[in-house]
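Each ligand, and each atom within it, is numbered from 1 in the order the structure gives.
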Amino acid sequence: MPSQRGSVATYPRGLSPHMITEPSLPSLSSLPSLMGDPSADGRFGEFGGRYVPETLMPACIELEAAFREAWADPAFISEYRRILRDYGGRPTPVTECFRLSEHLGVRVLLKREDLAHTGSHKINNVIGQALLARRMGKTRIIAETGAGQHGVATATACALFGLECVVYMGEVDVHRQALNVFRMKLLGATVRPVHSGSKTLKDAVNDAMREWLASVRSTYYLLGSVMGPHPYPWMVREFQRIIGDEAYEQSRLILDGADPDYVIACVGGGSNAAGIFSGFVDTNAKLVGVEPAGGAAVGRGIPGVVHGMKSYLLQDEFGQVQEAHSISAGLDYPGVGPEHAHLSATGRATYVPASDDEVLDALQLLARMEGIIPALEPAHAIAYLVRAASSGEIAKGSTVLINMSGRGDKDAEQVMQRLAMCRTQPCEPVCEGCPSR
Ligand SMILES: Cc1ncc(COP(=O)(O)O)c(C=O)c1O
């Protein structure tokens, strides 16, 4: 276990000039953060890197240079923060869940990214990258999406900045996230369904990367998570760091100057988790990422290369990428961002699975106890909390901060069908992981 530093005086936050609440910035330290810059070739430990065809190499290098310059420019940072405040609804609050806490015997706080504009944390990264694209003189944006939240956020930013927007989305996700497809279209984006492979997020990334390769001069690829070739995993984490920076201050106010014992987030590619972890990685808080049981890249994956990065990856004995399965489109991905692979390998964060069934139960529990309907993705974090608090893995009286990465509207129809079909009568044909069988 790497050393952890908990006191305010030594809390090293030198890599983050992006706090919303500047006056209360903790004093800086010369110690580097455990989630600092990657190496010059874009690695976190052995993971990350830039495994792209030669044609994309100049684009990645140009992007890295543009991001470094912008992120050191106070005018860029101030515009990014102004838009997130006046348009994006930041800072999002931290809500204490009194009834759920009493029910579970642990003190539960939620960081409310579900209250950000467009309904999830995705807007933080999208505003940052759209500003960067504009600064680089690009007028056309492509993106991939799973749950549709990144697609909606991208379509939103493109409408705001007057940019052309094309979103790739697997055919399976087009159906299960139909509401978000409609929202993207309303916002003026073109949605391109992807019919190859498992027709989910992995295949949408494949097609977006293929198009980027073909149109790299005119087009900016606005990647939605902490994955892909360098600089994306680092850049997206920096644009999501605002979640952790805010939550660090907010939870200290609620917990009388203490840090939470646990910080828990769901992990698909890993951007909401990276965002909240970055605020607590240098404290004593235990960091827990929750993966879908059917797509546990950290839990069950082995190192491999996909989508331009080296990371943990679900693969068969021949090294072929295996299909993931999750009830939640946003977590249905066989890989994970390389920084999570590194945080796991070093023991600083742990990664645990949650099953579809546990997730459906957790979603209903939070809705009934707190009046908050979570998206299926963060319901994974709640599901782990319920299991761990019930089994004693998380001790009674612990304080737990959960990243509520998005709201449940987009999943209402899917959940309605699943509950109606599978809980009250056997479904036909049998759905994957059917709870009634
Ligand atoms: C609400 C929500 N949470 C989490 C995720 C997973 O993405 P990430 O792991 O990058 O946070 C998604 C992806 O679409 C999402 O919509």
Side-chain angles (χ1 to χ4, degrees), residues 92 110-126 129 143-154 156 167-170 173 176-177 179-181 183-184 200-202 204-205 222-228 232-233 235-237 239-241 243-244 264-278 289-292 295-298 307 309 311 324 326-341 343 349 351 354 359 363 366 372-383 402-412 414:
T92 57
L110 299 183
K111 176 62 173 161
R112 301 293 306 280
E113 292 303 292
D114 57 319
L115 296 180
H117 183 42
T118 69
S120 83
H121 67 294
K122 296 286 182 187
I123 194 75
N124 307 323
N125 166 45
V126 162
Q129 286 199 59
E144 83 297 327
T145 197
Q149 285 302 119
H150 175 61
V152 167
T154 304
T156 298
V167 180
Y168 288 86
M169 188 171 192
D173 295 336
R176 62 177 159 174
Q177 302 287 311
L179 176 65
N180 274 346
V181 173
R183 290 169 80 199
M184 284 183 259
T200 55
L201 181 57
K202 159 177 74 68
V205 179
L222 206 160
L223 229 163
S225 194
V226 285
M227 49 188 254
Y232 283 106
M235 175 171 71
V236 175
R237 181 251 279 162
F239 286 139
Q240 293 291 5
R241 172 183 281 283
I243 304 173
I264 304 176
C266 66
V267 177
S271 66
N272 85 90
I276 199 156
F277 286 179
S278 64
V290 186
E291 302 185 290
V298 182
H307 295 147
M309 63 183 176
S311 190
S326 172
I327 190 175
S328 104
L331 306 185
D332 213 341
Y333 183 66
V336 67
E339 192 165 23
H340 287 291
L343 286 170
Y351 294 81
V359 168
L363 182 144
L366 190 69
I372 296 170
I373 303 175
L376 283 166
E377 290 84 7
H380 283 69
I382 305 289
I402 291 195
N403 199 10
M404 184 45 50
S405 59
R407 65 178 189 231
D409 310 31
K410 71 181 174 60
D411 300 318
Q414 195 192 347

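Numbered from 1 in the order shown, with element, the atoms of ligand 1 that lie under 4.0 Å from a heavy atom of Cys266 read 4 (C). Atoms of ligand 1 found under 4.0 Å from any heavy atom of Gly268, numbered from 1 in the order shown, are 9 (O). Residue Gln149 has at least one heavy-atom neighbour below 4.0 Å for each of these atoms of ligand 1: 16 (O). Residue contact check: Leu331 has heavy atoms under 4.0 Å from atoms 6 (C) of ligand 1.
In this structure, His121 is part of the shell of residues with a heavy atom less than 4.0 angstrom from ligand 1. A heavy-atom separation below 4.0 Å is not found between Gly146 and ligand 1.
Distances between N or O atoms of Ser225 and those of ligand 1 include at least one value under 3.5 Å. In terms of polar-atom proximity, defined here as any N/O pair under 3.5 Å, Gly270 does make such a contact with ligand 1.
When hydrogens are left out, the protein atom nearest atom 6 (C) of ligand 1 is Gly330 O, 3.5 Å; that is the closest non-hydrogen contact. The shortest contact between atom 3 (N) of ligand 1 and any protein heavy atom is with Ser405 OG, 2.7 Å. Protein heavy atom at the shortest distance from atom 8 (P) of ligand 1 is Ser271 N, 3.3 Å. Taking atom 7 (O) of ligand 1 as the reference point, the nearest protein heavy-atom neighbour is Lys122 NZ, 3.2 Å.
Using a cut-off of 4.0 Å between Lys/Arg side-chain N and Asp/Glu carboxylate O, Asp409 and Arg183 are scored as not salt-bridged.
A parallel orientation is assigned to the rings of Tyr333 and His307, their planes being inclined by less than 30° (bins at 30° and 60°).
Thr156 and His117 share no donor-acceptor pair across their side chains, judged by distance under 3.5 Å alone. For the residue pair Gln240/Asn124, the side-chain donor-acceptor check at 3.5 Å is satisfied.
For Glu377, the salt bridge (Lys or Arg N to Asp or Glu O under 4.0 Å) partners at least two apart in sequence or on another chain are Lys410.
Nearest heavy-atom pair across Arg112 and Thr92 is O-CB, 3.3 Å.
Of the heavy atoms in His150, none comes closer than 4.0 Å to ligand 1.
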